[in-house]
Amino acid sequence: MRPTIARVALPVPLDKQFDYLIPNHFFPVIGGRVSVPFGPKTLIGIVTELTNHSDFKQSQLKSLKQVLDTQPVWSDSLYQLLKWCSQFYQYPLGDTLANAMPSALRKGKPADFSTLVEWQLTAQGKDQLMVGFGRAVKQERAMRALEYGAVSHQQLLDQEISGTVLKALQEKGWVESIERKPVIQAWADPVEADVEKPKLNQEQAVAIATVNSAQGFGCYLLEGVTGSGKTEVYLNLIKPILEQGKQALVLVPEIGLTPQTINRFRQRFNVPVEVIHSGLNETERLNAWLCARDKAAGIVIGTRSALLTPFADLGIIIVDEEHDSSYKQQDSLRYHARDVAVMRANKEQIPILLGSATPALETLHNALTGKYHHLLLSQRAGNAKPTTNKALDVKGLYLESGLSAPLIAEMRKHLTAGNQVMLFLNRRGFSPALMCHECGWIAECKRCDAYYTFHQYNNEIRCHHCGSQQPVIHQCQGCGSTNLVTVGVGTEQLEGQLKTLFPDYKAIRIDRDSTRRKGSLESALTAIRKGEYKILIGTQMLAKGHHFPDVTLVALLDVDGSLYSSDFRASERLAQLFIQVAGRAGRASKPGEVILQTHHPEHSLLQALLNQSYRHFAQAALQERKVAMLPPYTYLTLFKAEANSSEVVEDFLRQVRYTLEAHPLFDGGCQVLGPTPAPLAKKAGKFRWQLLLQTQTRPMMQRLLASAKPAIELLPNSKKVRWSLDIEPQDLS
Ligand code: ADP
Ligand code: ZN
Ligand code: ZN
């Protein structure tokens with residue numbers, strides 16, 4: 001019997017689906033898009049079921065408005081993965097599916113290349129460009145935008161060039177529209193370009209052979225020190241995949257997606273490489289998405305969101321720097337791209353390789369317990385030597401804008417020898433607080449439970465949590481004194497101090513403030529590589545992916561906060577930062593030195609890290625986690641809630657706690673901690689609280705949450721607060 005009812009998942013924050021009648025001449029498909037009336041609006045959703053039964057009377061149901069796809073948007077395995085994501089991360093299916101679509105598809109545009117109209121100048125138009133356009137300013141702007149070649153319709157709209165103007169120019173015969181259709185063809189033979197390749201060392205060869213010889217799904221951790229040739233392994237794994245006519249997906253952290261990385265793949269293979277990241281506009285994103293789906297791309301390199309790209313024939317997934325925190329989405333669907341990637345590989349029955357010099361403790365645990373295969377690259381490729389590491393005890397020492405005298409002396413030694421020095425300070429601005437010297441009053445953001453950061457270059461104070469800013473104040477609001485002093489050191493102040501200390505050596509600061517302009521980071525990095533700057537100051541932006549062969553000294557100025565943080569992952573992150581930073585130094589023939597200023601040189605985790613290795617650190621840290629019953633030995637869910645009233649939020653979370661504890665599935669293996677105020681207890685005017693649920697197994701957590709969530713949604717205060725669930729949170733703040 002022909003189904004009469006379509007069940008549709010809509011992008012609304014309700015955890016259910018909606019039934020619509022199917023008009024006679026409509027042929028919706030499961031996994032395809034339809035548009036439907038929803039209240040006064042028209043929404044686009046995904047058909048999840050075709051049926052003849054509804055809990056509602058036919059007369060109560062409305063009809064589908066339009067069927068947008070004759071094919072499902074995703075392959076069955078990817079669709080199953082998205083359903084799994086929705087369940088695992090406790091996020092409504094309609095929202096999950098909408099999240100996984102490029103915005104062009106969310107808006108109802110056709111899921112094919114016909115959407116990608118481009119405009120270009122005709123020969124006549126090019127002549128007219130010489131002549132000029134008189135007072136037709138808008139037309140001139142449109143013509144100039146096309147001066148260097150075809151531009152997509154969407155991109156022109158983004159530049160506020162209207163369709164009307166383009167139509168007018170078309171009538172004059174100056175511009176024409178073209179439909180861009182990438183060529184879909186078999187990969188070139190040979191797939192590998194004729195470029196020089198290093199001779200693989202034994203560890204690399206073993207890693208490649210291990211993955212290649214396996215069939216179907218397998219998860220591999222490639223633990224390789226920085227510069228040990230992990231990328232070379234990725235390239236060698238991708239080659240046979242392409243030779244079989246299949247595709248490869250390479251995930252990289254946000255900060256690691258540099259032109260150098262992309263070029264390494266482009267130069268190596270004779271197949272189209274598509275890049276997917278959050279900076280793409282709507283058209284570019286749809287184009288890349290279609291190229292992967294229709295096999296016009298052999299390799300897709302991308303950040304977190306690229307994971308949900310459909311592929312015609314995916315053969316392998318590689319996750320580079322798998323420990324990187326940018327793989328976890330921090331809002332809406334709070335998924336971890338590395339974990340979901342493993343699930344995807346499992347569903348598609350293909351191998352997945354997780355690469356890192358500093359594996360996440362969860363991943364390492366999986367490798368050490370045999371759940372993942374463990375592959376090692378223990379030596380740096382080429383002749384680079386490991387760095388010498390030192391904890392510099394700064395107890396009782398005078399710090400000049402964060403620098404101790406022994407460190408300054410050491411810097412001088414390296415600079416005089418003609419090398420570069422790199423300093424890390426994870427705090428932007430001039431100083432993290434402005435204080436009254438008479439009464440101790442501190443300038444505080446009115447909307448957050450946080451101090452204002454003082455930015456000297458534009459003379460303002462700014463809240464790094466809500467973004468509010470105002471001109472710097474000159475008078476204490478407590479006692480009226482004008483004797484205001486700065487407290488603490490930020491990168492801006494450090495930069496100023498270095499100019500005084502080392503006037504002969506040019507310094508450059510790399511942080512979010514100094515690299516706001518597009519392209520400024522790239523040009524700064526080039527200048528550094530050319531040796532124009534001798535002292536590099538940065539936040540962790542500078543730590544990742546960039547190779548500076550002339551840097552021989554790296555110093556971390558202030559990391560003690562991470563050793564005693566309330567977030568149990570802080571020490572793991574410090575260790576990862578430390579190893580990464582150390583990897584920046586002495587890559588070529590020059591030996592590198594790493595200095596870490598600390599008040600706690602005896603700290604056991606620091607000792608393991610500095611004197612032994614990341615692995616020693618990680619094993620000690622895992623032991624601590626085991627004793628403290630923290631992940632990966634238990635599983636966490638973070639309930640976050642916020643509202644204008646602190647009492648309402650606290651009360652809501654207390655009710656959540658009772659609901660969980662009273663639930664029949666709640667047993668001795670479960671524990672609830674809180675509610676407690678969030679580490680940033682007030683943000684942008686909202687009071688924030690949190691509650692932590694801990695279980696001994698994943699299925700336990702899944703069952704409990706799935707079963708308790710409806711009751712939580714019915715709690716009296718649940719509508720008065722904004723609340724969310726973060727499954728396996730990476731960040732407890
Ligand atoms: P990673 O990704 O682990 O940081 P890369 O793959 O970027 O390391 O390798 C670092 C450098 O070493 C690159 O310049 C690469 O070409 C080179 N390299 C990789 N493998 C070898 C090898 N087996 N012999 C010599 N050089 C190598
Ligand atoms: Zn604020
Ligand atoms: Zn005062």
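Between the side chains of Thr482 and Gln475, not a single donor N or O lies within less than 3.5 Å of an accepting N or O.
The side chain to side chain donor-acceptor pair (under 3.5 Å) test applied to Tyr633 returns no partner, not counting sequence neighbours.
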Can you list the steps and then say if Gln330 with Asp731 is a side-chain contact (heavy atoms from CB on, under 4.5 Å)?
CA-CA 9 Å; Gln330 298 290 5; Asp731 187 351; 3.9 Å; yes
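When all heavy atoms are compared, the tightest approach of Leu93 to Gln17 is CD2-NE2, 3.5 Å. Closest heavy-atom contact between Lys682 and Lys446: NZ-O, 2.9 Å. In terms of heavy atoms, Leu636 sits closest to Phe568 at CD1-CE2, 3.7 Å.
With rounding to the nearest 0.5 Å, the separation of CZ in Phe424 from CD1 in Ile510 is 10.0 Å. Taken from CZ in Arg344 to SG in Cys85, the straight-line distance is 10.5 Å, to the nearest 0.5 Å.
For His603 and Tyr564, the ring centers sit closer than 6.0 Å to each other.
Using a 4.0 Å cut-off between charged nitrogen and carboxylate oxygen, Arg625 and Glu572 count as a salt-bridge pair. In this structure, Glu282 pairs ionically with Lys107, as a charged nitrogen and a carboxylate oxygen lie closer than 4.0 Å. In summary, Lys686 and Glu642 do not engage in a salt bridge, as defined by a charged side-chain N under 4.0 Å from a carboxylate O. The pair Lys328-Asp726 meets the salt-bridge criterion, since a charged nitrogen lies less than 4.0 angstrom from a carboxylate oxygen. A salt bridge links Lys709 with Asp15: the distance from a Lys NZ or Arg NE/NH1/NH2 to an Asp or Glu carboxylate oxygen falls below 4.0 Å. With salt bridges taken as basic N to acidic carboxylate O contacts below 4.0 Å, none links Asp331 and Arg334.
Within 6.0 Å of NE2 in His599 there are more than 12 heavy atoms belonging to other residues, nucleotides or ligands.
Ring pair Tyr614/Phe617 is tilted by interplanar angle, where 30° to 60° counts as tilted. The aromatic rings of His336 and Tyr327 sit tilted relative to each other, their planes meeting at an angle between 30° and 60°.
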